[in-house]
S.K.: 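I'd like to ask you about the structure that follows.
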Amino acid sequence: MNSPVKVAVTGAAGQIGYSLLFRIASGELLGKDTPVQLRLLEITPALKTLEGVVMELDDCAFPLLAGVEIGDDPNLVFDGANIALLVGARPRTKGMERGDLLEANGAIFTAQGKALNDHAADDIRITVTGNPANTNALIAMSNAPDIPTERFSALTRLDHNRAIAQLSAKVGAPVSDITHMTIWGNHSATQYPDLFHAKVAGRNAAEAVGDDSRDWLENTFIPTVAKRGAAIIEARGSSSAASAASATIDHTRDWLLGSPADDWVSMAVRSDGSYGVAEGLISSFPVTTGDGSWEIVQGLDIDDFSRGKIDASVAELDEERTAVTELGLI
Ligand code: NAX
């Protein structure tokens with residue numbers, strides 16, 4: 001049995017946390033041979049709720065769970081953390097402008113970036129799920145000068161998985177047949193789910209979709225994937241939680257343990273300028289991963305349609321970066 005890995009989770013008393021913690025503790029993040037210690041951060045008013053969640057974790061008697069620490073001080077909770085899943089964020093409330101949202105989250109992610117910088121373990125890997133995820137990751141990364149920038153990432157795996165599910169349903173193939181899916185850009189309505197490189201049982205996805213592929217791509221696939229979060233709120237009365245937790249697990253597990261051979265995954269990572277995405281933005285790319293590192297897949301053909309879509313989403317990320325720069329957050 002390996003020694004316990006310290007996994008910090010923020011927003012641990014929230015809805016995503018309620019799904020995520022139990023899956024981590026059961027071994028779905030790091031495998032059945034790796035014990036985990038959970039280190040859970042919440043704001044002070046939510047600590048009592050979090051105590052209840054910890055009681056339930058205890059009651060599962062997970063053999064791999066080697067302890068749970070909770071608290072409201074990131075400097076203590078992130079102490080020695082090997083993995084940090086930053087899920088907690090300030091939601092947009094009625095009347096809140098976008099600038100207000102960036103500012104409220106800026107306060108959270110500057111403090112958490114600094115705390116990770118000062119207290120996390122040397123091998124820390126950070127996944128930001130809390131929205132606006134890409135820019136929150138940029139803020140945390142910019143406030144953690146001693147942590148290599150490639151250790152920060154933001155979640156677009158939920159969008160990636162949604163895109164796989166939509167294509168699978170359209171062509172009537174199992175999800176396991178769908179490979180090489182890509183989400184480009186921001187985790188927002190401007191994201192670009194790219195069908196052109198995707199494959200169905202090794203066959204080009206556009207061909208597999210058939211004659212109406214262009215119409216389906218533009219008028220069904222892209223809007224369905226990009227607006228799926230809103231559709232779930234409409235149906236369920238609250239935002240996606242179990243699927244977001246599942247994607248957070250997929251993203252972080254593949255980062256640490258490796259993406260499938262002859263395939264890639266989507267992750268928002270710091271751009272090195274690949275595919276014309278401005279350097280330094282946290283933008284989603286096709287990446288291959290293994291052993292805690294990632295590499296952007298190079299050399300994909302980008303046609304004019306895809307170029308326009310990628311540029312539009314990257315322009316939004318650039319605007320967000322300008323806004324948080326002006327607010328003095330990065
Ligand atoms: P909840 O509102 O249920 O839970 C959020 C929790 O974060 C709350 O318990 C709150 O007390 C806590 N929190 C707030 N500020 C904190 C801080 N400074 N330190 C620690 N904890 C803090 O939201 P939930 O449904 O769990 O969603 C969490 C975040 O994920 C939201 O920002 C949401 O927008 C985002 N999502 C991101 C997705 C993605 O694909 N990247 C998809 C799902 C989800 O919408």
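Both counts, for ligands and for their atoms, begin at 1 and track the order of listing. On a predicted model such as this, the values are computed, not experimentally measured, just so you know.
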S.K.: Considering only heavy atoms of I43, which atoms of ligand 1 have at least one such atom less than 4.0 Å away?
M.R.: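 Here the atoms of ligand 1 in question are 11 (O), 15 (N), 16 (C), 17 (C), 18 (N), 21 (N), 22 (C).
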
S.K.: Evaluate the 4.0 Å heavy atom contact test for atom 2 (O) of ligand 1: does a protein atom fall under the cut-off?
M.R.: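 Protein heavy atom within 4.0 Å of atom 2 (O) of ligand 1: absent.
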
S.K.: Does ligand 1 have an atom that lies less than 4.0 angstrom from a heavy atom of S239?
M.R.: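 S239 counts as a contact of ligand 1 under the 4.0 Å cut-off.
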
S.K.: Considering the heavy atoms of Q112, write down every atom of ligand 1 situated less than 4.0 Å from one of them.
M.R.: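 Answer, ordered by atom number: 17 (C), 18 (N), 19 (N).
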
S.K.: Hey, which atoms in ligand 1 end up nearer than 4.0 Å to a heavy atom of L158?
M.R.: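 Per the distance check, 40 (O), 42 (C).
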
S.K.: Please report whether the ring centroid of Y275 lies less than 6.0 Å from that of W184.
M.R.: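 Under 6.0 Å, so yes.
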
S.K.: Checking contacts now, so for atom 23 (O) of ligand 1, which I'm interested in, is there any protein heavy atom under 4.0 Å?
M.R.: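 Given the 4.0 Å limit, the answer for atom 23 (O) of ligand 1 is no, no protein heavy atom qualifies.
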
S.K.: Who pairs with F62 by ring-ring contact (aromatic ring centres under 6.0 Å, His included), at least two apart in sequence or on another chain?
M.R.: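 Partners of F62 by the ring-ring contact (aromatic ring centres under 6.0 Å, His included) criterion come out as none, since no residue qualifies.
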
S.K.: Any atom of ligand 1 sitting under 4.0 Å from a heavy atom of R90?
M.R.: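 Heavy atoms of R90 never come under 4.0 Å of ligand 1.
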
S.K.: Looking only at protein heavy atoms, identify the closest one to atom 11 (O) of ligand 1 and say how far it is in Å.
M.R.: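 Its nearest protein heavy-atom neighbour is E42 OE1, 2.7 Å.
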
S.K.: Under 4.5 Å between side-chain heavy atoms, hopping through other hydrophobics if needed: is there a path connecting L50 to L38?
M.R.: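 Yes.
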
S.K.: Looking only at N/O atoms, are T129 and ligand 1 under 3.5 Å apart anywhere?
M.R.: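 Checking ligand 1 against T129, an N or O pair does fall under 3.5 Å apart.
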
S.K.: Could you check if a side-chain atom of T179 sits within less than 4.5 angstrom of a side-chain atom of W264, using non-hydrogen atoms only?
M.R.: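 A side-chain contact under 4.5 Å is absent here.
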
S.K.: Just wondering, more than 12 heavy atoms not from R321 lying within 6.0 Å of its CZ?
M.R.: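 Buried by this count: over 12 neighbours within 6.0 Å.
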
S.K.: Tell me: protein heavy atom nearest atom 14 (C) of ligand 1, and distance?
M.R.: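 Here the nearest protein heavy atom works out to A89 O, 3.8 Å.
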
S.K.: Please identify which atoms of ligand 1 are closer than 4.0 Å to at least one heavy atom of I108.
M.R.: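 With I108 as reference, the close atoms of ligand 1 come out as 15 (N), 18 (N).
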
S.K.: Is there side-chain contact between T224 and K227, with at least one heavy-atom pair below 4.5 Å?
M.R.: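 No; the side chains remain at least 4.5 Å from each other.
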
S.K.: Give the atom numbers and elements of ligand 1 that come within less than 4.0 Å of a heavy atom of V87.
M.R.: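 Once the distances to V87 are compared, the set is 28 (C), 29 (C), 30 (O).
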
S.K.: If you have a sec, work out which protein heavy atom is nearest atom 25 (O) of ligand 1 and how many Å separate them, to one decimal?
M.R.: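 Protein heavy atom at minimum distance: Q15 NE2, 3.0 Å.
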
S.K.: Check whether any N or O atom of I16, backbone or side chain, sits under 3.5 Å from an N or O atom of ligand 1, and answer yes or no.
M.R.: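 In this structure, I16 places an N or O atom under 3.5 Å from an N or O of ligand 1.
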
S.K.: So, regarding H187 and ligand 1 (criterion: nitrogen or oxygen to nitrogen or oxygen, under 3.5 Å), is there a contact or not?
M.R.: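 By distance alone, the answer is yes.
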
S.K.: Ligand 1 and G11, any nitrogen or oxygen pair closer than 3.5 angstrom?
M.R.: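 Looking only at distances, the answer is yes, because the N/O contact criterion of under 3.5 Å is met.
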
S.K.: Is there a chain of hydrophobic side chains (I, L, V, M, F, W, Y, each step under 4.5 Å between heavy atoms) that links F109 to V87?
M.R.: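 No; V87 is not reachable from F109 via cluster members.
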
S.K.: Side chains of H251 and S153: do they bring a donor and an acceptor to under 3.5 Å?
M.R.: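 Note: H251 and S153 side chains meet the donor-acceptor criterion.
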
S.K.: Report the distance from atom CG of L327 to atom CG of N105, rounding to the nearest 0.5 Å.
M.R.: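 If we round to the nearest 0.5 Å, L327:CG and N105:CG are 11.5 Å apart.
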
S.K.: In terms of side-chain heavy atoms, does N134 have a donor or acceptor partner in H187 at a distance below 3.5 Å?
M.R.: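 There is no such pair between these side chains.
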
S.K.: Do we get R214 above F305's six-membered ring, with its NZ or CZ under 6.0 Å from the centre and within 45° of the axis?
M.R.: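 Pair R214/F305 counts as cation-pi.
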
S.K.: Among protein heavy atoms, which lies nearest atom 31 (C) of ligand 1, and at what distance?
M.R.: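 Sorting protein heavy atoms by distance from atom 31 (C) of ligand 1 puts N131 N, 4.1 Å first.
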
S.K.: Quick one: look up the protein heavy atom nearest atom 43 (C) of ligand 1 and list residue, atom name and how far away it is.
M.R.: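 In this structure, atom 43 (C) of ligand 1 has A244 CB, 3.5 Å as its nearest protein heavy atom.
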
S.K.: Rounded to the nearest 0.5 Å, how far does OG1 of T34 lie from CG of N2?
M.R.: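 Between N2 CG and T34 OG1, I get 4.0 Å after rounding to 0.5 Å.
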
S.K.: Do T156 and D159 pair up side chain to side chain, a donor and an acceptor below 3.5 Å, judged on atom types alone?
M.R.: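 D159 and T156 do not have a side-chain donor-acceptor pair below 3.5 Å.
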
S.K.: Among all protein heavy atoms, pick out the one at the shortest distance from atom 5 (C) of ligand 1; state its residue, atom name and that distance to 0.1 Å.
M.R.: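 Scanning the protein heavy atoms, the shortest distance from atom 5 (C) of ligand 1 goes to G14 CA, 4.2 Å.
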
S.K.: State the atoms of ligand 1, each with its element, that fall below the 4.0 Å cut-off from a heavy-atom position in L155.
M.R.: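 By the 4.0 Å cutoff, the relevant atoms are 39 (C), 40 (O), 41 (N).
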
S.K.: Counting both backbone and side chain atoms, is some N or O of S240 under 3.5 Å from an N or O of ligand 1?
M.R.: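 Checking ligand 1 against S240, no N or O pair falls under 3.5 Å apart.
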
